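No experiment lies behind these values; they were computed from the predicted model shown. One-based numbering along the sequence shown.
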Amino acid sequence: MFSSRHVFPVKGATRLLTRPRTIKALLSGSSVQSLQEAFRDPSSPFHILPGTTGPASPDEPPPELLVAERCGAPVTNAVHAGDSGVSQSSVSGAAAQARAKMISLGYDPGSLWEQSIVWGHHDAFRHVNNAHYLRFFESGRMQWVIALGNLLGGQERTQAMLAGQGVSLILKSINVNFRRPVTFPDTLLIGHKAIVSSSRTQFTLAAGAYSYAQRAVVADSEGVIVWYDYDRLKKCDPGDDAWRVLREEMGREGQGRPVNSG
């Protein structure tokens with residue numbers, strides 16, 4: 001039930017009723033003229049080259065075309081870029097370079113995960129918000145778990161580990177180092193590698209994020225991973241076979257293409 005404290009002053013209500021006039025002013029002829037000038041300004045993101053037309057639809061161009069432009073492909077019109085095949089070769093080159101770099105840094109080939117950057121990842125500071133990297137690394141980490149599960153016992157063991165059945169893994173802690181700001185459009189290649197110590201119940205899982213557009217590592221991370229018995233609800237020693245796989249085999253599996261988030 002409302003009390004006297006919830007009564008809104010009439011003056012405030014009057015102000016709300018007058019706001020549509022402000023919106024109408026934004027749509028005046030001068031605003032339209034400014035937009036037309038932006039179309040003609042080569043430095044404007046709204047620029048349309050003479051003799052060309054705007055997008056065929058209000059939908060955004062495919063991410064691979066946008067990434068191709070940032071990677072240096074000579075694309076002059078995104079509508080027709082796919083016809084030439086240039087953008088695809090540029091993206092393929094960036095992907096191959098990213099893969100080679102991540103493998104050279106010791107990241108597991110089987111863990112490689114392509115993370116597409118979308119406009120919604122931006123924050124008020126016009127770059128990918130730092131909080132998103134936790135999700136990016138999480139997706140890559142699960143790809144790494146799939147590769148590990150396949151080595152430990154095939155698809156059945158993988159499904160059990162992902163469902164938290166029997167002996168699997170749990171994240172104890174994680175930190176992220178933000179090395180370069182990332183902006184749309186871009187694709188990040190996420191990789192993971194295990195760092196095994198003398199502990200029989202936990203290990204460090206290092207991760208990196210490589211930008212196709214910047215051709216550099218833009219963030220890295222270290223997490224503490226614990227072997228956990230989900231049936232008994234406590235940490236455990238997974239046994240010698242699991243440790244052997246981590247030490248000897250993980251870096252030699254998964255020579256195929258990286259998994260794509262899209």
Side-chain angles (χ1 to χ4, degrees), residues 38 43-47 55 57-73 75 78 81-82 87-147 171-193 204-225 257-262:
S43 65
S44 169
F46 301 103
H47 177 58
S57 76
D59 299 327
E60 66 182 32
E64 58 269 19
L65 296 184
L66 297 173
V67 173
E69 290 179 336
R70 294 194 64 187
C71 290
V75 178
S87 62
Q88 186 60 43
S89 63
S90 176
V91 173
S92 298
Q97 184 180 43
R99 177 179 172 80
K101 180 62 175 181
M102 294 298 280
I103 293 177
S104 72
L105 293 174
Y107 292 106
D108 229 340
S111 74
L112 298 182
W113 169 270
E114 284 184 324
Q115 177 65 56
S116 297
I117 299 302
V118 300
W119 181 259
H121 287 143
H122 283 189
D123 59 19
F125 295 101
R126 303 180 184 181
H127 60 72
V128 174
N129 185 272
N130 292 346
H132 287 300
Y133 289 88
L134 291 174
R135 287 296 189 192
F136 299 163
F137 286 129
E138 178 185 59
S139 296
R141 184 168 65 250
M142 299 318 295
Q143 176 62 27
W144 180 86
V145 170
I146 291 173
L171 178 67
K172 179 180 179 180
S173 62
I174 188 171
N175 64 62
V176 179
N177 299 311
F178 306 103
R179 302 195 176 280
R180 294 185 176 205
V182 173
T183 58
F184 172 86
D186 203 349
T187 297
L188 304 183
L189 187 62
I190 310 295
H192 281 78
K193 58 182 176 182
T204 298
L205 188 61
Y210 185 96
S211 163
Y212 283 16
Q214 300 186 49
R215 305 204 177 206
V217 174
V218 293
D220 54 56
S221 168
E222 283 192 354
V224 177
I225 306 295
R257 291 176 57 82
V259 178
N260 193 299
S261 64

Over all atoms of both residues, closest heavy-atom pair of [X] and [Y]:
| X | Y | result |
| --- | --- | --- |
| Gly140 | His192 | C-CE1, 3.4 Å |
| Leu112 | Gln143 | O-CG, 4.1 Å |
| Leu188 | Ser211 | CD2-CA, 3.7 Å |
| Met102 | Ile190 | CE-C, 4.3 Å |
| Arg180 | Gln214 | CD-OE1, 3.2 Å |
| Ile174 | Arg141 | CD1-NH1, 4.0 Å |

**OP:** Apply the test side chain to side chain contact (heavy atoms under 4.5 Å, CB included) to residues Ile225 and Leu171: give CA-CA distance (whole Å), side-chain angles for both, the deciding distance (0.1 Å), then the verdict.
**Re:** CA-CA 5 Å; Ile225 306 295; Leu171 178 67; 3.6 Å; yes
Short question: side chain of [X], backbone of [Y] - any donor-acceptor pair under 3.5 Å?
| X | Y | answer |
| --- | --- | --- |
| Lys101 | Val217 | no |
| Ser221 | Asn175 | yes |
| His122 | Phe184 | yes |
| Asn129 | Asp123 | no |

Subject >> Heavy-atom check, side chain of Tyr210 versus side chain of Gln97, under 4.5 Å >> reply: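 Of all side-chain heavy-atom pairs linking Gln97 with Tyr210, at least one is under 4.5 Å.
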**OP:** Kindly state whether the ring of His127 and the ring of Phe178 have centres lying under 6.0 angstrom apart.
**Re:**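 Here the rings of Phe178 and His127 have centres that are no less than 6.0 Å from each other.
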Subject >> Whether Tyr133 and Phe137 hold their rings parallel, tilted or perpendicular, with breakpoints at 30° and 60° >> reply: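 Rings of Tyr133 and Phe137: tilted, as their planes differ by 30° to 60°.
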**OP:** Test side chain to side chain contact (heavy atoms under 4.5 Å, CB included) on Arg99 and Ile103 and set out the steps.
**Re:** CA-CA 6 Å; Arg99 177 179 172 80; Ile103 293 177; 3.9 Å; yes
Subject >> Criterion side chain to side chain contact (heavy atoms under 4.5 Å, CB included) on Val218 and Arg179, from CA distance to verdict >> reply: CA-CA 5 Å; Val218 293; Arg179 302 195 176 280; 5.6 Å; no
